[in-house]
Amino acid sequence: MTQTATDSAAAQQNALLRAAIWMIGAILSFSAMAIAGREAGLTLDTFEIMMYRSLVGVLVVAGAITLMRRWHLVSSERLTQHGLRNMAHFTGQNLWFYAVSVIPLAQVFALEFTSPIWVILLAPLFLGEKLTRMRALAVALGFVGILIVARPSPQTFNIGLACAAGSAVFFALTNIATKRLTRSESIWSIMFWLTAMQLVLGIVFAGWDMDIALPDAQSLPYLLVIGCAGLGAHFCITNALSLAPAALVVPIDFARLPFIALLAWLIYGESVENWLFVGAALILIGNFINIVSSRQQ
């Protein structure tokens, strides 16, 4: 092996290691947000949580844009597209915060992982992408995984499961809208309007009854964790994807499931059935098939 090839292999291994470290940061951030969301939900409703999360987000994003002098990259030309994207994300995030407060955290994360499956189904409608045989197989495996995780029946089905599954659909719509926006908008513009518009939505829905609860000494730290962890998770994933292929990054993200299951067991005494991991594995295989088939096209 030549020195150039050796250096190239070492650089690739270094990039993969850095990507894995970024994904560990994403796993920690998502897990922290789930636990903080459950704790904050003891005194605040989901709209109030989203309002305060968005307030933290606006301050952080606006501060970063100011420090890095990126305001010229924040465009107001596509506010309608931003609005539709952020309403989808606001809905999905509210459903997610409600789900983490009423059902086991591992179940929430397993159902959240179906979001890429919904992207496959919705992309032909919104992006004009083809539904290939391999993608159809990925969808089939994903939905079998959903049935195994949720095992819907009159005895086991509840509103929390429906909210967790629904959040994945709205996250898929968010991802599709984001893909459309990235064709013409900077990440700074997308992040600014994400936090700003969702702050307005949070104020409107949290205040519809003219009774917005103020954070107290108990809930304030959790709200700060939610705001920072949400931004941190997406920042970590973006960096990981810039260093390594999605086919390697996405499987690492699935380590969130056993990790949050362990935390939920230690903190809340939640037990996890083996069937949940079987269903999650099928969802992971479906996502992996989609990623590999997309790279081969």
Side-chain angles (χ1 to χ4, degrees), residues 16-39 53 89 92-93 95-119 138 141-142 145-146 148-150 160-161 163-172 174-175 222 225-241 243-268 270-288 290-291:
L16 292 175
L17 177 61
R18 289 163 60 199
I21 293 173
W22 279 116
M23 286 309 300
I24 291 173
I27 290 168
L28 294 174
S29 296
F30 278 126
S31 300
M33 187 166 65
I35 293 172
R38 173 172 288 188
E39 295 298 324
R53 177 201 169 172
H89 188 267
Q93 197 69 77
L95 292 172
W96 188 85
F97 276 125
Y98 179 77
V100 299
S101 69
V102 296
I103 66 173
L105 296 179
Q107 253 186 338
V108 177
F109 276 38
L111 291 171
E112 181 190 350
F113 286 139
T114 63
S115 183
I117 303 298
W118 289 105
V119 171
L141 288 172
I146 293 173
I148 293 174
V149 170
L161 285 173
C163 287
S167 71
V169 178
F170 282 99
F171 287 151
T174 301
N175 291 334
Y222 294 120
V225 169
I226 290 169
C228 295
L231 293 173
H234 293 289
F235 181 76
C236 288
I237 290 177
T238 301
N239 277 281
L241 289 172
L243 293 167
L248 296 176
V249 170
V250 171
I252 298 175
D253 189 33
F254 273 77
R256 267 200 280 158
L257 183 58
F259 183 71
I260 196 63
L262 175 61
L263 289 180
W265 175 67
L266 291 173
I267 298 172
Y268 302 111
E270 293 182 0
S271 60
V272 177
E273 297 181 1
N274 292 332
W275 284 112
L276 185 140
F277 290 103
V278 173
L282 289 176
I283 295 170
L284 169 59
I285 293 171
N287 284 331
F288 188 79
N290 175 48
I291 292 170

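Position 1 is the first residue of the sequence; numbering continues from there.
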Donor-acceptor pairs under 3.5 angstrom involving side-chain atoms of residues 31-39: please list them, not counting sequence neighbours.
unit_1: Ser31; atom_1: OG; unit_2: Ile27; atom_2: O; d: 2.8
unit_1: Arg38; atom_1: NE; unit_2: Val100; atom_2: O; d: 2.7
unit_1: Arg38; atom_1: NH1; unit_2: Glu270; atom_2: OE2; d: 2.5
unit_1: Arg38; atom_1: NH2; unit_2: Val100; atom_2: O; d: 3.0
unit_1: Arg38; atom_1: NH2; unit_2: Ile103; atom_2: O; d: 2.9
unit_1: Arg38; atom_1: NH2; unit_2: Glu270; atom_2: OE2; d: 2.9
unit_1: Glu39; atom_1: OE2; unit_2: Tyr268; atom_2: OH; d: 2.6

Please tabulate, for side-chain N and O atoms in residues 110-119, each donor-acceptor pair with protein atoms closer than 3.5 Å (sequence neighbours left out).
unit_1: Glu112; atom_1: OE1; unit_2: Trp96; atom_2: NE1; d: 3.1
unit_1: Glu112; atom_1: OE1; unit_2: Arg256; atom_2: NH1; d: 3.4
unit_1: Thr114; atom_1: OG1; unit_2: Leu111; atom_2: O; d: 2.6
unit_1: Ser115; atom_1: OG; unit_2: Ala168; atom_2: O; d: 3.3
unit_1: Ser115; atom_1: OG; unit_2: Ala172; atom_2: N; d: 3.2

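For the salt bridge (charged side-chain N to carboxylate O under 4.0 Å, His left out) condition, no pair includes a residue of residues 278-287, sequence neighbours left out. Here salt bridge (charged side-chain N to carboxylate O under 4.0 Å, His left out) pairs that include residues 100-109, with residues two or more places apart or in two chains, number zero.
Side-chain atoms of Leu28 and Phe259, non-hydrogen and from C-beta on, do get closer than 4.5 Å to each other. Residues Trp22 and Ile237 fail the side-chain proximity criterion, which asks for heavy atoms closer than 4.5 Å. Side-chain contact between His89 and Phe170 is absent, with no heavy atoms from C-beta onward closer than 4.5 Å.
Taking CZ from Phe277 and CG from Leu257, the interatomic distance works out to 5.0 Å, rounded to the nearest 0.5 Å. Rounding to the nearest 0.5 Å gives a distance of 7.5 Å between CD1 of Ile260 and CD1 of Ile267. In this structure, Ile252 CD1 and Ile21 CD1 are separated by 10.5 Å, a value rounded to the nearest 0.5 Å. Here Leu95 contributes atom CG and Ser167 contributes atom OG; the two are 6.0 Å apart, rounded to the nearest 0.5 Å.
Nearest heavy atom pair, residue Gly160 against residue Ala99, reads O-CB, 3.8 Å. Looking at every heavy atom in both residues, Val272 comes nearest to Ala261 through CG2-CB, 3.8 Å. Between Ala138 and Gly286 the shortest heavy-atom distance is CB-O, 3.0 Å. Annotation for Val149 and Gln107: closest pair O-NE2, 3.4 Å, computed over non-hydrogen atoms. Closest of all the heavy-atom pairs between Cys236 and Ala26 is CB-N, 3.7 Å.
In this structure, the side chain to side chain contact (heavy atoms under 4.5 Å, CB included) partners of Cys228, at least two apart in sequence or on a different chain, are Val56. Evaluation of the side chain to side chain contact (heavy atoms under 4.5 Å, CB included) rule for Leu282 yields Leu141, Val144, Ile148 as partners, not counting sequence neighbours.
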